[in-house]
Amino acid sequence: MLQQSQAPITRPITTAHLATTMSLMSLTAIELQERIEAELASNPALELGDRHYCTSCGRPQAEKGSCPVCSRLSTGSGEEPIVFVSPREDFYLPSRQSTSNGIPSDEIIAETDDLPTYVLRQIAPELAPDDRLLAAHLLTSLDEDGLLRVPLIEFARYHHRPTSHIEQILRLIQRADPVGVGSPSPQGALLVQLEVLGETQSIPPMTDQAIRQGMDLLSRRHFTELGKLLGISTSRVKQIARFISDNLNPYPARSHWGSVHQGVEPAQDVYHFPDILISRLNDNPDSSLVVEVISPLAGMLHLNSLFRQSIHLAPPDKVDEWQNDLEQASLLIKCLQQRNHTIVRLMQRITAIQRHFILHGDAFLEPLTRASLADELQVHESTISRAVAGKAVQLPNGKIVPLSKMFDRSLHIRTELRQIIAHECRPLTDTEIAALLKKKGHRVARRTVAKYRAKEGILPAHLRQPLQTAG
DNA sequence: CTATGGCACGGATT
DNA sequence: AATCCGTGCCATAG
């Protein structure tokens with residue numbers, strides 16, 4: 001309501017308008033940047049203006065005027081989140097690392113102890129300064145398991161380097177201390193570890209093939225089937241599985257693989273660069289949340305006024321084309337604004353509703369559906385779907401999670417489940433867990449408990465506290 | 001016999 | 001219209 005009257009954006013919606021907005025809506029920050037750059041390259045009516053900076057904090061801004069963060073510094077508390085479009089492009093790097101010469105030398109790195117810096121310290125000597133920045137980029141994109149689930153092509157595009165170059169660096173990373181870090185999947189991590197291990201000790205035959213061809217069977221412990229696939233006996237397979245769980249770790253960032261883990265396909269939860277950053281304005285418990293909707297080049301796009309003025313000078317056969325370029329350009333700008341505006345409104349609601357989740361973690365996730373938000377915001381459900389799909393948000397604690405996590409219907413139950421199992425004295429069966437959950441007010445079937453366990457990577461009861469191991 | 005995973009169906013969600 | 005998720009039934013492993 002507010003926004004409709006104040007926004008210069010609302011005008012009779014044409015089908016082109018609608019189509020463009022829709023297509024922009026589903027793009028991630030990086031895709032958006034590519035899209036805009038392509039348009040800039042092909043459309044002379046579009047012009048890239050100067051970037052605006054906040055005069056007090058220096059933060060790049062989408063609009064001239066006082067920075068939304070600075071202007072709230074004094075009053076920055078309460079439930080109301082500060083949501084705005086931010087054109088910053090250094091979002092993928094911890095701010096400390098962005099010096100002009102790439103990654104600063106070891107003194108600075110040595111300060112912290114997190115995984116990225118730990119690995120970087122090991123491999124930095126072997127890298128050219130430029131490559132250190134790239135390596136840092138790769139390392140900061142690891143997920144919590146130490147896997148790199150971002151397609152390499154994204155880095156290649158971003159740094160304008162061939163993928164082979166990225167692979168070369170990645171290879172160094174993978175062979176550094178938590179061996180296998182930076183692999184694209186648990187499977188990849190195992191293979192790297194196997195390779196490194198093989199250089200110093202002997203490994204059971206067929207282990208490599210078992211991992212390559214039968215990873216999912218392996219993780220589901222379907223040893224008989226796997227044996228058939230590989231043409232070896234079940235006991236051999238068990239031997240291999242034993243070797244793997246003793247010596248290898250599919251999640252390099254975790255210390256040991258206590259859980260033989262989710263049978264789900266790898267492809268689904270790909271981590272992207274964050275499209276949205278959420279941080280706290282200050283350290284007060286009731287601090288406002290600062291939400292930056294990343295939109296590359298926001299506020300820098302204009303219609304090229306020279307082009308516009310000279311349209312009447314166009315050669316007769318080009319008039320239509322030039323006119324078209326102008327319309328195209330103005331359409332893009334308007335739709336971009338509309339897209340960002342919608343996402344801002346969306347995030348405003350989401351961060352208000354999920355404030356506790358954002359600050360305090362999974363257990364505090366509120367049940368939330370896209371449909372209800374669509375209703376509140378007076379937009380089509382599909383708009384919300386598109387706006388949420390494929391995007392990632394960086395939480396105040398630095399974790400990057402898919403935006404769709406905010407809509408997870410079962411997460412809070414799954415965290416309950418994890419707690420129950422963490423506190424159990426004796427392995428509880430699924431049926432018992434279901435009963436416990438019911439007491440806590442979560443009505444779920446026994447079968448569903450099993451699914452949740454799988455999703456959380458928790459072993460079945462009889463394998464959790466094994467009194468003895470077979471084999 | 002019990003606990004669990006696979007498969008498949010139906011309802012909800014996107 | 002397509003997809004995801006919870007659930008019931010049945011086969012299988014221990």
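Within every chain, numbering begins at 1; the chains are lettered A, B, ... in the order of the sequence lines, protein sequences first and strands thereafter.
For A/Arg409 and B/dG11, the CZ to C1' distance is 10 Å, given to the nearest whole Å. Look at CD on A/Glu381: it is 18 Å from P on C/dA2, rounded to the nearest Å. In this structure, the CZ atom of A/Arg414 is 15 Å from the P atom of C/dC4, given to the nearest Å. Rounded to an integer number of Å, the gap from A/Leu368 CG to B/dA12 C1' is 16 Å. Per the geometry, CG belonging to A/Leu459 stands 14 Å off P belonging to C/dG14, to the nearest Å. With rounding to whole Å, A/Asp430 atom CG is found 16 Å from C/dC9 atom C1'. Counting to the nearest Å, the C1' atom of B/dG5 and the NE2 atom of A/His462 are 10 Å from each other. The distance between atom CD1 of A/Ile433 and atom P of B/dG5, rounded to the nearest whole Å, is 11 Å.
OP1 or OP2 of C/dT7 sits under 4.0 Å from a side-chain N or O of A/Thr448. Side-chain N/O atoms of A/Tyr452 include one lying less than 4.0 angstrom from OP1 or OP2 on C/dG6.
Taking the six-membered ring where tryptophan is involved, the planes of A/His137 and A/Phe155 are perpendicular, since the angle between them exceeds 60° and thus also 30°.
Within the 4.5 Å cutoff, the side chain of A/Leu359 has heavy atoms near those of the A/Leu289 side chain. Residues A/Glu167 and A/Pro162 are not in side-chain contact: their nearest non-hydrogen atoms beyond the backbone lie 4.5 Å or more apart.
Residue A/Arg370 is classed as a sugar-phosphate contact, given heavy-atom separations below 4.0 Å to backbone atoms only. Counting any heavy atom pair closer than 4.0 Å across all strands shown, A/Arg453 reaches sugar-phosphate atoms only and no base atom. Across all strands shown, A/Ser382 has no heavy atoms under 4.0 Å from either base or sugar-phosphate atoms. Within the 4.0 angstrom heavy-atom criterion, only backbone atoms of the sugar-phosphate kind lie near A/Thr429; the bases stay farther away. Among the atoms of the strands shown, base atoms are found under 4.0 Å from some heavy atom of A/Arg446. The residue A/Val388 sits apart from the nucleic acid: no heavy atom pair falls under 4.0 Å.
One N or O donor and one acceptor, one from the side chain of A/Arg447 and one from the base of B/dG6, sit under 3.5 Å apart.
Side-chain contact annotation: A/Thr415 with A/Asp362, donor-acceptor N/O pair under 3.5 Å absent.
Taking CG from A/Leu377 and CZ from A/Arg370, the interatomic distance works out to 13.5 Å, rounded to the nearest 0.5 Å.
Where A/Glu432 and A/Lys451 each meet DNA chain B at their nearest nucleotide, the meeting point lying more 5' is that of A/Glu432.
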